[in-house]
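Some notes on the structure that comes next.
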Amino acid sequence: MATTEPDILDVERIRDDFPILDREFSGNRVAYLDNAATTQTPEPVVETIAGYYRTTNANVHRGLHQLSQEASVAYEEAHDRVAEFIGADGREEVVFTKNTTESENLVAYAYGLTELGPGDEIVTTEMEHHSSLVTWQQIGKRTGADVKYIRADDEGHLDMDHARELITDDTEMVSVVHVSNTFGTVNPVGTLADIAHDHDAYIFVDGAQSVPNRPVDVTDIDADFLAFSGHKMCGPTGIGVLYGKRHILEEMEPFLYGGEMIKRVTYEDATWNELPWKYEAGTPVICQGIALAEACDYLDDIGMEKIRRHEDELAQYTLERLGEFDDIETFGPPAGEERGGLVAFDIDGVHAHDLSEILNDYAVAVRAGHHCTQPLHEKLGVAATTRASFYIYNTEDEIDRLVDALDDARALFQ
Ligand code: C6P
């Protein structure tokens with residue numbers, strides 16, 4: 001008889017994999033609601049890291065000894081696993097970097113600095129993270145290319161008419177965040193890719209807040225580039241991914257020079273290694289890559305569609321609870337509309353930093369500040385917001401604890 005899988009997460013079972021969630025501060029169990037900044041690491045990934053150093057540690061692609069060969073195979077296969085996770089066409093399209101920020105800079109330097117010049121345009125959005133916004137801004141300054149921003153309305157929706165106006169035959173690069181880390185908006189990256197490609201421009205998708213939280217397939221969205229970070233998807237810090245379409249990565253210049261990325265070197269010149277090693281100069285992120293592959297297994301075992309739904313439900317519940325208070329303003333799409341698993345908000349008369357300190361007294365961990373979207377915060381007229389962001393182990397109970405603590409904080413400050 002066919003069995004149907006339950007379509008909700010078994011959160012209690014998942015929490016068993018994260019002993020850190022049992023930590024207590026001032027007698028309260030931590031409610032970790034800062035997952036957009038970084039997620040916690042499950043036991044299978046911790047075990048993979050420890051196991052690698054206990055049994056396999058060696059440099060890759062350099063030694064003929066058994067340990068080096070085993071490490072090399074595991075590291076190469078990690079690229080295959082990540083490629084499978086995002087629907088890429090093999091390891092050649094998956095470059096391991098340090099984080100999303102480095103992936104953005106890789107393309108900006110390797111492609112932007114050599115290919116862009118006066119008269120060219122880079123189109124991005126008002127809701128970009130600094131890793132994209134500052135990077136393209138600086139490439140614009142250095143090359144003479146113009147940077148243009150697609151407007152976002154007060155509910156965090158991109159103005160798609162404005163996008164169609166801005167993306168023209170002068171556009172060379174469209175750089176867009178898939179899920180905003182401040183609004184939670186899920187941007188229509190597939191449509192933006194179509195518009196970009198109609199004008200022979202590339203599209204760079206910042207997947208830092210989407211790849212960990214929902215099914216993302218690079219062929220579905222037709223991204224030319226996609227960047228994300230391991231530490232936001234149950235992996236370790238120190239590893240990011242740059243996906244690039246094979247023909248583009250083949251044509252693009254390297255970003256960093258050195259060992260590993262070369263094929264042959266003379267005193268006069270050098271030729272480049274095959275993909276993806278051409279973009280992985282020096283000793284690469286070996287253990288981190290292998291651990292990221294384990295994180296992909298872990299998330300796929302749970303099911304990315306279930307993860308998406310779970311986070312959406314927690315975000316909707318948060319909007320509902322925060323909506324009970326007249327003095328709280330939430331940012332991003334209204335309740336009922338799909339969003340990523342995060343809600344940024346502001347309480348009248350209470351600074352976000354003060355608020356997060358009070359919440360810390362209740363062991364509720366949130367982020368306060370401009371979340372590396374300072375121009376967007378200025379546009380919204382707030383210096384800082386408080387942001388709760390969710391992952392596979394969070395519960396409605398923890399959101400209730402957040403709301404109770406907010407009540408107390410309000411009483412203290414107002
Ligand atoms: N946002 C947040 O708390 P790195 O730091 O390179 O792993 O990721 C950068 C990055 C890029 N794009 C988006 C949409 C992001 O949200 C982030 C990281 C964290 O919101 C730290 S500022």
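Order of appearance sets the numbers: ligands from 1, and atoms from 1 within every ligand. Each residue takes its place number in the sequence, starting with 1. Every value quoted in this text rests on a predicted model; they were computed, and no experiment measured them.
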- Separation between CZ (Phe228) and OG1 (Thr100), nearest 0.5 Å, reads 8.5 Å
- Task: Going by heavy-atom distance to atom 13 (C) of ligand 1, choose the closest among Asn35, Asn181, Thr101, Asp206.
- Result: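 Nearest heavy atom to atom 13 (C) of ligand 1 lies in Asp206.
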- Query: Out of His130, Arg367, His129, His371, whose heavy atom is nearest to atom 3 (O) of ligand 1?
  - Reply: Arg367
- Are Glu104 and Lys98 close enough for a salt bridge, meaning some N to O gap below 4.0 Å? no
- Using 4.0 Å as the upper bound for N to carboxylate O, is an ion pair formed by Glu311 and Arg308?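 Here Arg308 does not pair with Glu311 in a salt bridge, since their nearest N and O are not under 4.0 Å apart.
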- Part of Thr100 within contact of ligand 1 (heavy atoms, under 4.0 Å):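 Both parts.
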- With backbone taken as N, CA, C and O and side chain as the heavy atoms from C-beta onward, which portion of Ser229 lies under 4.0 Å from ligand 1: side chain, backbone, both, or neither? side chain
- Message: Restricting to non-hydrogen atoms, name the atom on Thr124 and the atom on Ser132 that form the minimum distance, rounded to 0.1 Å.
- Response: OG1-OG, 4.1 Å
- Measure across Gln209 and Ala36 and return the closest heavy-atom pair with its distance rounded to 0.1 Å.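 Closest pair (atom of Gln209, atom of Ala36, distance): NE2-O, 3.0 Å.
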- Can you tell me if Lys232 has a non-hydrogen atom under 4.0 Å from ligand 1?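 Distance cut 4.0 Å: Lys232 passes for ligand 1.
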- Query: Taking both backbone and side-chain atoms of Arg387, is any N or O found less than 3.5 Å from an N or O belonging to ligand 1?
  - Reply: yes
- Query: Between His231 and ligand 1, does any nitrogen or oxygen pair lie at a separation below 3.5 Å?
  - Reply: yes
- Item | Cation over ring face, Arg410 and Phe325, 6.0 Å, 45° |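 Pair Arg410/Phe325 counts as cation-pi.
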- Near Val177, which atoms of ligand 1 are under 4.0 Å from a heavy atom of that residue?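 This gives 14 (C) as the contact atoms.
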- Item | Cys372 neighbourhood, listing ligand 1 atoms whose heavy-atom distance to it stays under 4.0 Å | 22 (S)
- Passing option when Glu338 is tested against Arg214, Gln316, Arg309 for side-chain hydrogen bond (donor to acceptor under 3.5 Å, both in side chains):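 Result: among Arg214, Gln316, Arg309, Arg214 is the only option passing the side-chain hydrogen bond (donor to acceptor under 3.5 Å, both in side chains) with Glu338.
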- Query: Looking at Glu84, Glu280, Glu93, which hits side-chain hydrogen bond (donor to acceptor under 3.5 Å, both in side chains) with His79?
  - Reply: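 Exactly one option meets the side-chain hydrogen bond (donor to acceptor under 3.5 Å, both in side chains) with His79, and it is Glu280.
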- Message: To check your reading of the model: name the closest protein heavy atom to atom 16 (O) of ligand 1, its residue, and the distance in Å.
- Response: Gln209 NE2, 2.7 Å
- Query: When you measure from atom 11 (C) of ligand 1 to every protein heavy atom, which one gives the shortest distance, and what is it?
  - Reply: Ser131 OG, 3.2 Å
